[in-house]
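Positions are given from 1 along the sequence. Both ligands and their constituent atoms are indexed starting at 1 by order of listing.
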Amino acid sequence: MAIDHPIKTLALTSANVSEGKSTVTDNLAIVWAQTGQRVLLVDADLRRSTLHWTFSLDNREGLTTILTSHAHSIDLNKIIQPSGIDNLSLLPSGPTPPNPAELLSSQRMKDFLKAARERYDMVIVDVPPMLEVTDTQVISHNLDAVVLVVNQGQTQKLGAKRAVELLKMAHANLLGYVMNDVVSDGGAGYGYGYGYGYGYGYGNDGDDK
Ligand SMILES: Nc1ncnc2c1ncn2[C@@H]1O[C@H](COP(=O)(O)OP(=O)(O)O)[C@@H](O)[C@H]1O
Ligand SMILES: [Mg+2]
């Protein structure tokens with residue numbers, strides 16, 4: 001997917017909240033770092049930030065500090081934090097601002113992404129859901145690619161379609177989808193779900209149903 005245009009900045013979004021964006025984003029960043037790439041994971045979900053909780057970080061300074069600073073230049077090293085995982089650096093959201101969409105569409109955000117892509121092999125951005133606020137539309141245009149997280153039991157088809165429409169309107173480069181929280185149907189004859197589960201005669205309860 002990155003043959004013609006290298007992908008260095010990537011966001012994962014979803015139609016609605018709680019479909020697993022942050023979970024998939026965090027895990028993807030960790031796996032990427034484990035392959036030896038220098039990764040920066042950024043929390044740009046300024047309204048429901050979770051990165052600082054997940055990694056037990058201090059959130060007094062973060063992305064919003066960079067975006068609201070009036071300083072001519074800002075030392076990213078002072079704000080970006082280590083993760084304890086080799087090759088993975090973290091930028092928490094910082095204090096919640098009154099105007100997230102304006103901040104994310106600002107020139108400072110573009111400048112930040114430019115500086116970040118020069119320092120890291122991959123910049124992965126956690127962003128808000130598409131159908132709630134316009135933040136992701138405004139930022140996705142400035143990212144190399146976007147992936148949509150779809151939750152098997154939760155995302156409505158219409159919601160996913162609308163999210164794709166909005167991404168297209170924003171001229172985002174939508175790479176594809178991650179299906180999250182998939183329940184095995186047990187019919188594949190491989191791995192979990194076949195021969196060991198309830199209903200196949202080997203259940204934990206010993207009941208031969
Ligand atoms: N595949 C999964 N299996 C189990 N729990 C999950 C899975 N994906 C997400 N969750 C849980 O669902 C909740 C919402 O996920 P989160 O990643 O915070 O969603 P979002 O960022 O889209 O709002 C969290 O408590 C998370 O741990
Ligand atoms: Mg989240």
Within the supplied structure, the quantity of interest is the number of heavy atoms (other residues, nucleotides, ligands) at a distance under 6.0 Å from R47 CZ; does it exceed 12?
yes
N59 (side chain) donor-acceptor with P92 (main chain) under 3.5 angstrom:
no
Quick one: nearest non-hydrogen protein atom to atom 3 (N) of ligand 1, plus distance?
D181 OD1, 3.7 Å
Atom 21 (O) of ligand 1 touched by protein (heavy atom, under 4.0 Å)
yes
Does any donor atom in the side chain of D45 or S93 lie under 3.5 Å from an acceptor atom in the other side chain?
no
Would a 4.0 Å cut-off, counted as strictly less than, catch a protein heavy atom around atom 1 (N) of ligand 1?
yes
Which ligand 1 atoms does S18 reach within 4.0 Å, using its non-hydrogen atoms?
14 (C), 19 (O), 20 (P), 22 (O), 23 (O)
How far is atom 18 (O) of ligand 1 from the closest protein heavy atom, and which atom is that?
S22 CB, 4.1 Å
Is any side-chain N of the basic residue among R162 and E165 closer than 4.0 Å to the acidic one's carboxylate O?
yes
Are any of the heavy atoms in N180 under 4.0 Å away from ligand 1?
yes
For atom 13 (C) of ligand 1, is there a protein heavy atom at a distance under 4.0 Å?
no
Is there a side-chain contact between L88 and I30 (heavy atoms, below 4.5 Å)?
yes
Heavy-atom count check: over 12 atoms from other residues, nucleotides or ligands less than 6.0 Å from Q152 CD?
yes
Verify the contact flag for atom 6 (C) of ligand 1, where contact means a protein heavy atom under 4.0 Å away.
no
Per-atom contact, atom 26 (C) of ligand 1, protein heavy atoms, under 4.0 angstrom:
yes
Distance-only, no hydrogens or angles: does the R108 side chain make a donor-acceptor pair with backbone N or O of S69 under 3.5 Å?
yes
Tell me whether S22 has at least one N, O or S atom under 2.8 Å from the Mg ion (ligand 2).
yes
Geometric N/O contact E19 with ligand 1, under 3.5 angstrom
yes
Polar contacts were defined as any N/O atom of the residue lying under 3.5 Å from an N/O atom of the ligand; does this apply to G20 and ligand 1?
yes
Any link between L76 and M122 through a network of hydrophobic side chains (Ile, Leu, Val, Met, Phe, Trp, Tyr) touching at under 4.5 Å?
no
Single hit among V146, L12, I7 for side chain to side chain contact (heavy atoms under 4.5 Å, CB included) with L175
I7
Any nitrogen or oxygen of S14 lying under 3.5 Å from a nitrogen or oxygen in ligand 1? Just yes or no.
no
Considering only non-hydrogen protein atoms, determine which one is nearest to atom 17 (O) of ligand 1 and report residue, atom name and distance to 0.1 Å.
T23 OG1, 2.5 Å
